[in-house]
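When a ligand or atom number is given, it counts from 1 through the structure's own listing order. Here the structure is a predicted model, which means the values were calculated and not measured.
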Amino acid sequence: MEQAKRQQAVFVAKLKEFLAIDSVEDMSTAGEGKPFGQGVAEALEYMLALGEQDGFRTRNLEGYAGYIEFGQGEEVAVLVHVDVVPAGEGWTTPPFSPDIRDGKIFARGAIDDKGPALAAYFAFRMVRDSGLPLSKRVRFIIGTDEESGWLCMKRYAELEPIPEIGFSPDASFPIIHAEKGQINPLLRLDERAAGAKCDPAPARWLLRSFQAGERGNMVPDRAEAAIVLAAEAGDDSLVEGLVSDYQEFLARQGVSGRAERQDGRGLVLRLDGQAAHGMEPCEGRNAGLLLARFLAGQPFGGDDRRFLELLSAVLYEDYFGAKLGIACEDEATGKLTVNAGILTYKQDEGASVHLNIRYPATVNADECVQRLRQAVASLGWKIDRLRTSSGHYVPKDHPCVLTLQKVYEEQTGLPATLLSTGGATYAKTLKAGVAFGPVFPGKEATAHMKDEYAEINDLIAAMAIYAQAIYELAK
Ligand SMILES: [Zn+2]
């Protein structure tokens with residue numbers, strides 16, 4: 001008991017030192033051996049120095065990553081990262097002066113991922129110090145670029161073999177074993193299809209510009225369109241009529257926005273929706289699609305109309321890709337989702353639509369892209385650029401999953417339900433890696449927020465889980 005308390009005090013003291021290093025990526029201080037800047041390099045060195053003092057084999061891989069290891073044979077990996085996201089504003093106490101209040105340690109990186117990293121390192125050392133016989137080699141891998149471009153693990157893979165099995169304490173308990181893949185197409189109007197269909201009625205309105213969203217993986221919370229009444233279309237009363245129709249539309253939809261008269265017969269329409277993460281588009285209200293919904297009810301012609309129709313008749317509330325012909329789901333990761341993240345129309349540059357599609361882990365991405373291509377082609381659009389990233393799936397009966405389930409249940413008495421995510425966890429960079437903790441079920445997740453914290457008792461509980469997990473995987 002005394003010894004456990006002393007251990008805990010040592011852990012907290014080290015954690016305070018470690019969290020005091022400002023390890024936000026800073027390219028202005030980058031250089032040889034420190035590709036992500038001074039602070040990140042110091043945090044990596046801090047961990048490697050601990051490993052060295054404790055008598056482990058350690059290696060710094062050009063500042064991109066590092067490892068600490070012991071044992072012989074097949075590898076079991078624990079994967080952590082020491083970089084953190086920028087602190088932002090509004091902290092109660094300075095983000096790089098760790099402060100303990102109510103059993104919680106407040107600092108940037110407390111829960112993502114320096115707190116869990118140190119807890120996992122202590123667990124790793126406990127296993128070695130226990131002297132229990134192991135049949136495998138345990139490698140503690142330290143990444144430095146998880147929050148930006150994952151270049152750390154890319155370089156790692158060039159220098160070292162990627163481990164077969166292991167876990168990453170960089171998400172939530174119990175176990176995340178499956179992650180969706182992503183397809184990010186940029187759609188443009190297909191010139192060859194332009195003018196192919198004749199317009200049903202002469203255009204009354206012209207679309208000057210349309211803009212919604214800045215990032216593919218966010219639901220746009222603001223949209224703006226500039227339109228003008230065509231010269232021969234009619235008189236001023238049509239402009240006034242549209243303004244009042246728009247106000248009615250906003251009220252019916254329960255959103256805010258406004259219409260502003262411009263010089264002559266022009267109008268600028270604005271609309272406020274609700275932002276959400278792109279992996280859960282139905283949690284937000286897409287301002288761009290909603291504004292297009294209104295505009296598509298007006299007589300526009302040509303490319304203006306084709307742009308508004310794609311948004312209004314196909315993408316609007318098509319959260320699961322049914323109208324795009326790509327709806328699918330699997331047991332592990334659920335339904336495919338579609339987010340229309342950036343919607344742009346400019347008279348000189350034309351129309352573009354950035355989608356962020358998250359497809360089930362066990363679905364074939366090429367087939368999905370093929371179906372998407374057909375669907376957009378039939379509407380006069382084409383896929384102009386495409387970026388994809390694969391999903392990640394470790395089968396339920398994989399020995400790594402079964403072992404961690406057993407450990408979690410023994411340690412906590414709670415069911416070790418398997419989880420999946422629409423996002424990507426660091427565990428994806430291992431072959432059969434899973435995300436394992438450290439946020440316990442029902443606990444507040446404060447990663448990336450102001451006043452980020454970790455409960456010290458939770459880190460200690462996670463440490464015990466990690467120690468048993470490492471032992472069971474490597475015995
Ligand atoms: Zn993280």
- [ ] Indicate yes or no: does Asp272 engage Arg270 in a salt bridge with an N to O separation below 4.0 Å.
- [x] no

Open item on the list: Under 2.8 Å from the Zn ion (ligand 1), is there any N, O or S atom belonging to Asp170?
Closed with: yes

TODO: Decide yes or no for Asn60 and Glu45: does some side-chain heavy atom of the first lie under 4.5 Å from some side-chain heavy atom of the second?
DONE: yes

- [ ] May I ask you to check if any N/O/S atom from Asp113 comes under 2.8 Å of the Zn ion (ligand 1)?
- [x] no

Open item on the list: Please name the atom of Asp112, limited to N, O or S, that comes nearest to the Zn ion (ligand 1).
Closed with: OD1

TODO: Answer yes or no for Arg139 and Tyr67: cation-pi contact, defined as NZ/CZ to six-membered ring centre under 6.0 Å and angle to ring axis within 45°.
DONE: yes

TODO: Enter the distance from Asp54:CG to Asp129:CG here, rounded to the nearest 0.5 Å.
DONE: 7.5 Å

TODO: Considering just N/O/S atoms, say which atom of His81 is closest to the Zn ion (ligand 1).
DONE: NE2

